[in-house]
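A short worksheet on the structure shown next.
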Amino acid sequence: MGFEEDDEFLRFPDTNSLSVVCEIQSCLASARLKVLSQHALRGISKPSPSEEQEFLRKIQVSFDHVMLYEEVSLQQKACQVMPLHELKQKAQRKLQRNQESTNDKPYDLQDHLLLELLKWFKSRFFSWMDSPPCRHCQARTQASGTQVPTADDLRWGAQTVEAYRCTVCSLTTRFPRYNDPGKLLETRTGRCGEWANCFTLCCRAAGFEARYVLDWTDHVWTEVYSNSQKRWLHCDACENTCDKPLLYENGWGKKLTYIIAFSCEEVVDVTWRYSSKHGEVLTRRTQCRQEVLMDRLEKLNNTRQRNISSFRKEILKKRFSLELAEFLATKKAQDGEEQGRVSGSVAWRSSRGEMGAQGAANSISESKGHTFEPTEMEKTSKTLHVQYSPSSNIYRRVSNGNTELEDWESGVFTMSNINLKEEYDWKKVYLARGGPSEAAISWRFDVSNTGLVVEHIDIKLVSTTFESGRIVWTLCDGETCVLLQGDGQSARITEINGARVVTLKAVLSGGKGDVAWQHTQLFRMGINDMDSYPWDVKITLKNA
């Protein structure tokens with residue numbers, strides 16, 4: 001057929017003719033139907049007319065909904081809240097570093113911008129809503145049913161309004177499930193439906209070709225087209241995850257059925273991208289006959305593409321051929337595709353059976369990363385001095401000519417359940433927990449290979465707690481641990497004199513209700529306060 005194998009993907013070279021692939025598309029579709037009718041659905045009754053109509057109605061709703069993302073006024077509104085200039089600068093710097101360090105994959109500026117947009121949306125813009133705090137006393141609430149939507153709720157697409165009763169004052173708090181992406185730019189909270197809805201709009205406003213992806217086993221996400229890789233990338237804003245399509249089947253344990261992707265130009269059954277068990281999936285696709293589904297998608301695509309140019313139609317045709325080859329390719333789980341769900345409370349994820357094998361064993365994932373080691377300049381001066389500011393989100397290496405390391409994660413040794421948060425109303429920024437569960441973060445300093453050891457450490461830390469929130473700071477060398485204060489005062493630590501490896505760690509816990517995560521904050525400071533460093537570590541060294 002002209003495809004070439006490239007790692008786990010099949011690629012179609014630009015120099016090859018597309019005609020052969022196009023000719024066999026209908027044959028492949030017919031073969032799939034034959035497999036369905038003769039094997040997978042043998043002995044299973046056909047869906048009832050009403051069940052099939054409801055299935056097709058759901059497709060029509062999403063088909064119509066995605067056109068909201070093309071409204072100029074909504075895209076302009078999204079651009080006003082996205083720090084695109086900042087994100088593009090970060091993407092440019094990371095692209096440059098990537099090009100200097102590796103020639104492996106053809107990531108371009110847009111690929112890096114997409115990753116920055118995902119990170120910003122997850123850590124700084126949108127928030128997860130398990131249950132809202134009480135509107136009167138901010139205490140924890142419990143679900144108590146639903147309420148009738150008001151005219152204003154319906155104006156913003158909230159067909160459902162959840163009700164929550166306060167566990168302290170018994171007042172009811174409403175949570176409208178808004179379906180208007182413009183409204184979600186204001187509320188900036190919700191569950192996966194709100195996240196995918198708003199993020200897909202942001203992608204379109206940022207200039208990406210994007211699809212809204214609907215999973216019939218109760219999840220939604222986004223796909224973004226990569227021009228450099230010539231394929232659609234899976235993007236889940238809830239999980240800050242990109243290009244891990246087998247995550248739901250392998251990691252969350254979902255029993256997938258139908259997954260349909262919608263854009264302003266096409267509707268595609270993308271189920272096969274997200275499963276390596278096509279035979280099992282086929283046996284569960286009982287809500288609509290395959291021939292009926294394919295016929296409906298073809299008609300919808302003809303309608304949507306009626307007014308686009310023949311040149312654009314050819315591009316879409318070639319893309320679909322490449323996508324079809326990807327669907328048919330053998331798949332195996334990659335790194336990160338065996339992790340359980342991380343968005344939502346542990347109880348909520350557990351009730352949905354989406355914790356995964358790893359998540360059930362350990363609900364907080366921990367990753368290991370950076371270690372600060374002295375440079376030649378620092379060895380000569382016998383000083384290792386690093387500062388961090390969440391406002392600029394940069395580590396400043398004072399002892400190495402003020403060189404910079406971008407992003408809080410890039411300087412962290414281990415972390416679990418930690419995010420960077422911004423309060424736009426109060427104009428504050430800080431590190432906080434990603435949910436009510438306990439969180440931890442650490443930084444490591446290693447002088448083992450220098451012939452030097454620690455003489456003393458001057459350290460300044462700023463941490464803030466509210467209600468019953470608790471933050472415990474420790475500085476350890478493997479044998480001795482020193483408790484530290486997060487009061488913003490500089491302290492000289494001499495107890496670990498002679499150490500070669502030192503770890504600074506903070507453990508965050510406690511707090512009240514569903515906003516408990518907000519009751520433990522690291523390095524809280526003004527968004528525009530670029531000259532302050534609430535994390536400041538200066539290690540003075542001596543000869544061993």
Can Ser226 and Asp111 be said to form a side chain to side chain donor-acceptor pair (under 3.5 Å), step by step? CA-CA 7 Å; Ser226 169; Asp111 293 332; 2.9 Å; yes

SB check Arg188 Glu194 (cutoff 4.0 Å): no

So that I can tick it off, tell me whether Glu162 and Arg174 are bridged by a salt bridge, with the cut-off set at under 4.0 angstrom between side-chain N and carboxylate O. no

Whether Glu266 and Arg304 form a salt bridge (side-chain N of Lys/Arg under 4.0 Å from carboxylate O of Asp/Glu) is what I want to check. no

Is any side-chain heavy atom of His85 closer than 4.5 Å to a side-chain heavy atom of Gln89? yes

Please test Val268 against Trp232 for side-chain contact (heavy atoms from CB on, under 4.5 Å), starting from the C-alpha separation and ending with a verdict. CA-CA 12 Å; Val268 181; Trp232 289 93; over 6 Å; no

When every non-hydrogen atom of Glu223 is compared with those of Ala261, the smallest separation belongs to OE1-CB, 4.0 Å

Test log, rule salt bridge (charged side-chain N to carboxylate O under 4.0 Å, His left out), inputs Asp130 and Arg191: CA-CA 8 Å; Asp130 284 311; Arg191 301 191 197 108; 5.4 Å; no

With side chains defined as the heavy atoms from C-beta onward, is the minimum distance between Phe126 and Cys238 less than 4.5 Å? no

Pair Asp269, Thr271 - check side chain to side chain donor-acceptor pair (under 3.5 Å), show working. CA-CA 6 Å; Asp269 181 358; Thr271 309; 2.6 Å; yes

Ion pair present between Lys255 and Glu249, side-chain N to carboxylate O less than 4.0 angstrom? no

Between Arg204 and Glu209 (salt bridge meaning N to carboxylate O under 4.0 Å), is one present in this structure? no

Any salt bridge (Lys or Arg N to Asp or Glu O under 4.0 Å) pairs touching residues 76-90, not counting sequence neighbours? Lys77-Glu186, Glu86-Lys90, Glu86-Arg124, Lys90-Asp407

Between Phe262 and Phe63, is the ring centroid distance below 6.0 Å? no

Could you tell me the separation between the CG atom of Asn250 and the OH atom of Tyr274, rounded to the nearest 0.5 Å? 14.0 Å

Evaluate the side-chain contact (heavy atoms from CB on, under 4.5 Å) criterion for residues Leu431 and Lys421: first the C-alpha distance (whole Å), next the side-chain angles of each, then the deciding distance (0.1 Å), finally the verdict. CA-CA 6 Å; Leu431 296 185; Lys421 299 287 187 179; over 6 Å; no

Any side-chain donor-acceptor pair under 3.5 Å between Asn197 and Asn179? yes

Whether Lys122 engages the ring of Trp128 as a cation-pi pair (distance to the six-membered ring centre under 6.0 angstrom, angle to the ring normal within 45°) should be assessed. no

Just by distance, with hydrogens left out, do Ser48 and Ser50 show a side-chain donor and acceptor under 3.5 Å apart? yes

Considering all heavy atoms, the nearest Leu246-Glu337 contact: N-OE2, 3.1 Å

How long is the gap from CD on Glu239 to CG on Leu118, to the nearest 0.5 Å? 11.0 Å

Carboxylate-amine/guanidinium contact Glu265 Arg312, below 4.0 Å: yes

Derivation and outcome, side chain to side chain donor-acceptor pair (under 3.5 Å), residues Arg285 and Gln290: CA-CA 8 Å; Arg285 287 165 65 98; Gln290 183 69 12; 3.0 Å; yes

Does any N or O in the side chain of Gln334 come within less than 3.5 Å of the main-chain N or O of Lys332, such that one atom is a donor and the other an acceptor? yes

side-chain contact (heavy atoms from CB on, under 4.5 Å), that's the test. Do Val72 and Gln75 meet it? Break it down for me. CA-CA 5 Å; Val72 174; Gln75 291 192 11; 5.7 Å; no

Specify the closest pair of heavy atoms between Cys235 and Leu114, including all atoms of both residues, with the distance to one decimal. SG-CD2, 3.6 Å

If I compare all heavy atoms of Leu201 with all of Ala78, which pair ends up nearest, and what's the gap? CG-CB, 4.2 Å

With side-chain contact (heavy atoms from CB on, under 4.5 Å) as the criterion, how do Gln60 and Leu56 come out once you've worked through the C-alpha distance, each side chain's angles and the decisive distance to 0.1 Å? CA-CA 6 Å; Gln60 185 67 47; Leu56 297 176; over 6 Å; no

On a heavy-atom basis, which atom in Ala163 and which in Thr172 lie closest, and how many Å separate them? CB-CG2, 4.0 Å

Would the Tyr248 and Trp252 ring centres measure less than 6.0 Å apart? yes

Pro132 backbone acceptor or donor facing Thr141 side chain under 3.5 Å: yes

Examine distances only and state if a side-chain atom of Ser321 and a backbone atom of Lys317 form a donor-acceptor pair shorter than 3.5 Å. yes

Between Asp236 (side chain) and Cys242 (backbone), is there a donor-acceptor pair under 3.5 Å? no

Contact summary for Ser62 and Leu214, nearest pair of heavy atoms: OG-CD2, 3.6 Å

Quick check: do Tyr164 and Gln142 have side-chain heavy atoms less than 4.5 Å from each other? no

In the structure I gave you, are the side-chain heavy atoms of Val213 and Val220 within less than 4.5 Å of one another anywhere? no

Just by modelled atom types, is the Leu256 backbone N or O under 3.5 Å from a matching donor or acceptor in the Arg284 side chain? yes

Strictly distance-based, threshold 3.5 Å: is any side-chain N or O of Asn302 a donor or acceptor partner for the main-chain N or O of Glu298? yes

Between Tyr258 and Thr286, is there a donor-acceptor pair closer than 3.5 Å when you use the side chain of the first and the backbone of the second? yes

For the residue pair Lys331 and Trp272, would you count it as a cation-pi contact if the rule is NZ or CZ under 6.0 angstrom from the ring centre and within 45 degrees of the ring axis? no

Considering only heavy atoms from C-beta outward, does the side chain of Cys202 approach that of Leu185 to under 4.5 Å? yes

For a 4.5 angstrom cut-off between non-hydrogen side-chain atoms, does Ile59 reach Leu293? yes

Does Lys183 count as lying over the ring of Tyr178, i.e. NZ or CZ under 6.0 Å from the six-ring centre, within 45 degrees of the axis? yes

Polar side-chain atom of Thr173 near backbone of Arg135 as donor-acceptor pair, under 3.5 Å: yes

Is Arg177 salt-bridged to Asp153, going by a charged N under 4.0 Å from an acidic O? no

The reported gap from NZ in Lys119 to CG in Asn240 (rounded to nearest 0.5 angstrom) is 7.5 Å

Heavy-atom check, side chain of Pro181 versus side chain of Tyr69, under 4.5 Å: yes

Would you mind reporting whether Met82 and Leu117 have side-chain heavy atoms less than 4.5 Å apart? yes

The reported gap from CG in Leu322 to CD in Gln229 (rounded to nearest 0.5 angstrom) is 13.0 Å

State plainly whether the residues Asp243 and Arg231 are in salt-bridge range, i.e. N to O under 4.0 Å. yes

Within this structure, what is the CH2-OH distance for the pair Trp221 and Tyr212, rounded to the nearest 0.5 Å? 10.5 Å

Do the numbers put Arg319 on top of the ring of Tyr225, so that NZ or CZ is under 6.0 Å from the six-membered ring centre and no more than 45° off the axis? yes

Sidechain-backbone polar pair: Glu52 side chain, Arg289 backbone, donor-acceptor under 3.5 Å: yes

Under 3.5 Å, side chain of Lys254 to main-chain N/O of Thr217, donor-acceptor pair present? yes

CG (Asp180) and CG (Leu74) are apart, to the nearest 0.5 Å, by 6.0 Å

